[in-house]
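Some notes on the structure that comes next.
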Amino acid sequence: MTNTDIIRDSEVRRQIWKGAIPLLINISSHEITSLQTPYPFYVMIPRQSYLPTLGESVRNHFVDYVSTFNKSDLWFECQGEVLKWNLPVGVLFDVHNTSHNLPWSITVHFNAFPTDKIYKCLSESDVIWTYLNTLKEAMYLQYNNVNSIMMLSKNDQTKLWEAIKDNKLNDYDETKEQFKADGTLKLHPIRIVYELNKEVKNELVPLSDEEVKAETLGSFLQKVKPNRDVERTNVVVQGIKPSLETPLDWLIDACSHPDQFLYICLTNVINLN
Amino acid sequence: MSQVWKSQFHASLIERNRAEANSFLALVRSHEQILRDCLEIKQQNNQLKKQNKEQKEQLEKLNQQIEGHLSTGASVQITSQRVRELEDKIFSLQEELTSSLRSKADTSQQILDLTNEVQNLKQQLKEKQSEIAANTKLTQTVEDKNKVIQVMREESEAIRIEIKQANETASKLQEENKAFVQRIIEQKQRQYQNRQTLDSNNSEFLMLDPLDSNLGAPTIRPPVEIHHDISLDTQINDIDFSEDNQYIALAANDKSIKVYYTKSGQLHSSFFGCADSVVCVAFSPNNQMLLGGSADHACRLWSMGNARAKHTLTGHTKQVYAADFAGDNKAVTGSYDRTIKVWELNQGTCIKTMLNAKSKVHDLEVGKNNSTLFSAHFDSCIRMFDLRSYDLVREITKAHESQVTSINISRDDLYLVTCGRDSVCKVWDARRSYEPVHVLSHPDYKVNMETNKVTFSPCGSYVASGSVNGQVFVWKLKNAHDDELDSTLKGHKGLVTCVSWSPDGSVVASASVDKRVIMYQ
């Protein structure tokens with residue numbers, strides 16, 4: 001065994017955080033009210049970040065070309081499907097862009113907000129609020145206790161969010177030290193995300209610590225989704241297809257998103273039940 | 001063993017980043033840069049356009065001015081003429097302006113004066129208004145006073161009638177007296193004649209004892225013979241037995257309450273604390289407490305166990321004439337100040353002052369259900385109150401010809417007995433008709449005290465009350481309007497102040513101005 005074979009987990013994490021996605025944002029043609037057609041908007045967005053962080057710049061880019069303009073009515077769509085802004089961008093990309101086209105082309109809308117599918121995101125504080133709530137959910141599953149997050153100062157909350165937005169792993173790790181909870185782990189927060197019948201499902205599958213230590217990714221999926229088409233269905237975590245032999249506990253440690261959840265994406269799903 | 005999955009993972013991560021991020025990073029950056037540059041150039045272009053437009057406009061203006069100057073050169077002569085005319089006009093206008101300014105200053109001065117005047121008037125108006133308010137208040141108080149005067153007048157009317165009656169009785173008595181004197185003189189003369197005849201006959205001289213000293217015990221069933229005869233050095237105003245018959249409490253004129261054993265007639269203890277004579281006394285239903293109303297306007301609560309005063313219930317402004325318990329935690333007191341007060345005994349606080357008593361309270365008693373209050377008043381009325389709502393439920397006006405001195409309720413709450421200054425005792429139906437069921441009187445039964453007591457026997461078939469002549473009259477009640485004098489208990493040598501029947505019916509106690517308390521058995 002050579003020295004280079006030993007890959008440290010911190011290196012894996014560093015690489016995960018380096019991940020970013022090129023976005024090509026267009027506006028739907030029937031919403032344009034000016035004579036000129038706007039330039040498409042290209043932007044890089046970190047995989048760990050959230051879509052509404054782009055809101056301001058997208059709005060500024062298209063502001064001259066649309067008529068009715070309501071701040072809260074901004075939403076994104078990909079091939080006819082509404083993008084759920086409460087999921088990290090990387091997860092959305094993995095589940096929606098199955099053909100892996102780059103840059104990822106999505107459409108922005110300023111009208112006809114689909115209130116039945118997603119909540120309105122009025123400002124950046126709404127995203128922060130949603131993110132912190134997801135974090136609380138994860139902590140509650142892990143330790144039955146969310147005090148450590150409730151005690152977090154306003155400054156630390158802002159620092160945490162800035163770290164995610166600007167993709168700064170060091171800042172994120174520093175802040176995370178502040179709310180490290182004591183006590184034994186109860187459940188690991190795991191979510192399985194897949195698209196079925198033109199609808200993105202986001203299932204919570206928490207697993208106890210002993211079970212996690214015993215399972216690999218493959219055996220875990222066999223257990224929770226035994227009816228999936230093993231040949232067809234792809235398993236994607238953080239944008240790559242890991243070996244099914246990968247131990248689940250390592251996956252949780254290395255590949256969790258900043259909201260502490262491990263998102264396992266299943267693509268090309270036809271039937272799961 | 002090498003962790004194959006891990007190195008695979010790492011490799012695909014690097015591949016991912018290369019494909020997704022690194023290859024597009026430069027492209028997107030340059031796109032952003034170009035967009036930014038484009039925007040900047042657009043803005044610069046817009047600015048330049050704007051500047052161009054402004055400069056063009058300036059140029060046009062200058063052109064126009066030049067044209068104007070060229071045309072004005074010829075008409076300078078004509079304009080100078082007009083300038084002079086205009087100057088004149090300006091001068092005259094300026095003069096007009098100064099004069100108008102002066103007049104304006106005058107008017108403003110006037111306005112100032114007028115506003116001052118208006119303020120003065122306003123001040124005066126305010127004073128007048130406050131005076132009017134004070135006047136209305138005064139008329140209000142006058143009305144109130146008038147009402148009070150009305151009440152007082154009615155009472156004085158009652159007193160006047162009483163005085164009249166008293167005068168009548170006095171004149172009658174005088175006549176009787178005259179007759180007696182006449183008879184005495186006749187007797188004396190007869191004696192003298194007798195003595196003369198006796199002297200003349202040299203026989204023995206006999207003295208007749210004018211007092212009938214026969215105190216033989218009456219031989220009737222309920223109250224009969226003297227059981228105890230307690231001599232005190234003070235007058236007793238009220239008597240109450242404890243519910244268990246063990247004690248008898250006496251409200252004494254020497255500012256104390258004395259408790260005696262009913263059986264032995266021995267003194268148990270004395271309760272001190274009042275600043276004036278004790279007028280009324282009551283045992284609590286559980287026999288643990290003693291309530292005493294005093295002429296010092298206060299009512300006091302003692303604990304029987306240690307003979308200590310627990311509370312002093314102050315608030316009445318005249319003598320407290322009557323007090324009774326309504327359960328073990330509540331007390332009701334009636335006073336000469338025309339109010340009835342309800343007290344909470346744990347804290348010793350007044351819960352309610354009932355102003356609807358209207359007249360001076362001579363006696364009151366709470367029904368055995370602790371929710372009804374009966375009171376006897378100076379204005380010859382009997383009033384019934386609901387102790388839950390404190391409402392006046394019923395009022396029997398003209399219950400007696402004169403003041404009602406005492407009231408007592410039968411054990412079954414069905415009948416009331418009252419005693420009046422008109423020397424009549426009446427038994428009332430307290431449930432349905434509120435009409436007198438019995439009217440009890442006797443030629444020798446005379447009431448001469450405004451708090452003369454009357455009492456039911458516990459069985460409700462006898463009524464006892466004391467008279468001026470020192471006798472206690474006991475009537476037996478049979479059917480409605482069918483009653484008879486059962487007996488008279490003799491023993492006192494003066495006016496009987498109060499009578500009380502023990503709860504077990506075995507003892508009747510009476511007190512008199514002769515400073516004795518007699519218990520009949």
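The sequence lines fix the lettering, A, B, ..., with proteins before strands; numbering per chain opens at 1. Heavy atoms only: backbone and side chains are in, while hydrogens, waters and symmetry mates are out.
- The number of heavy atoms from other shown groups lying within 6.0 Å of NZ (B:Lys330) is above 12.
- No other option in A:Cys255, A:Pro46, A:Pro247 has as many heavy-atom pairs under 4.5 Å with chain B as A:Pro247.
- Contact annotation for A:Trp250: only side-chain heavy atoms (C-beta onward) come within less than 4.5 Å of a heavy atom of chain B.
- Only the side chain of A:Leu251 comes within less than 4.5 Å of a heavy atom in chain B; its backbone stays farther off.
- Heavy-atom proximity under 4.5 angstrom to chain B picks out nothing from residues 78-92 of chain A.
- Every residue two or more places apart in sequence or in another chain was checked for a salt bridge (Lys or Arg N to Asp or Glu O under 4.0 Å) with A:Glu31, and none qualifies.
- Using non-hydrogen atoms only and a strict 4.5 Å limit, the part of residues 9-24 of chain B facing chain A consists of B:Phe9, B:His10, B:Ser12, B:Leu13, B:Ile14, B:Arg16, B:Asn17, B:Ala19, B:Glu20, B:Ala21, B:Phe24.
- Distance check: A:Thr246 OG1 to B:Gln8 CD gives 8.0 Å after rounding to the nearest 0.5 Å.
- The contact between A:Ile16 and chain B is made by backbone and side chain atoms together, counting heavy-atom distances below 4.5 Å.
- Residues from residues 29-38 of chain B that place a non-hydrogen atom less than 4.5 Å from a non-hydrogen atom of chain A comprise B:His31, B:Glu32, B:Leu35, B:Cys38, given in numerical order.
- Heavy atoms of other residues, nucleotides or ligands lying less than 6.0 angstrom from OH of A:Tyr42 number 12 at most.
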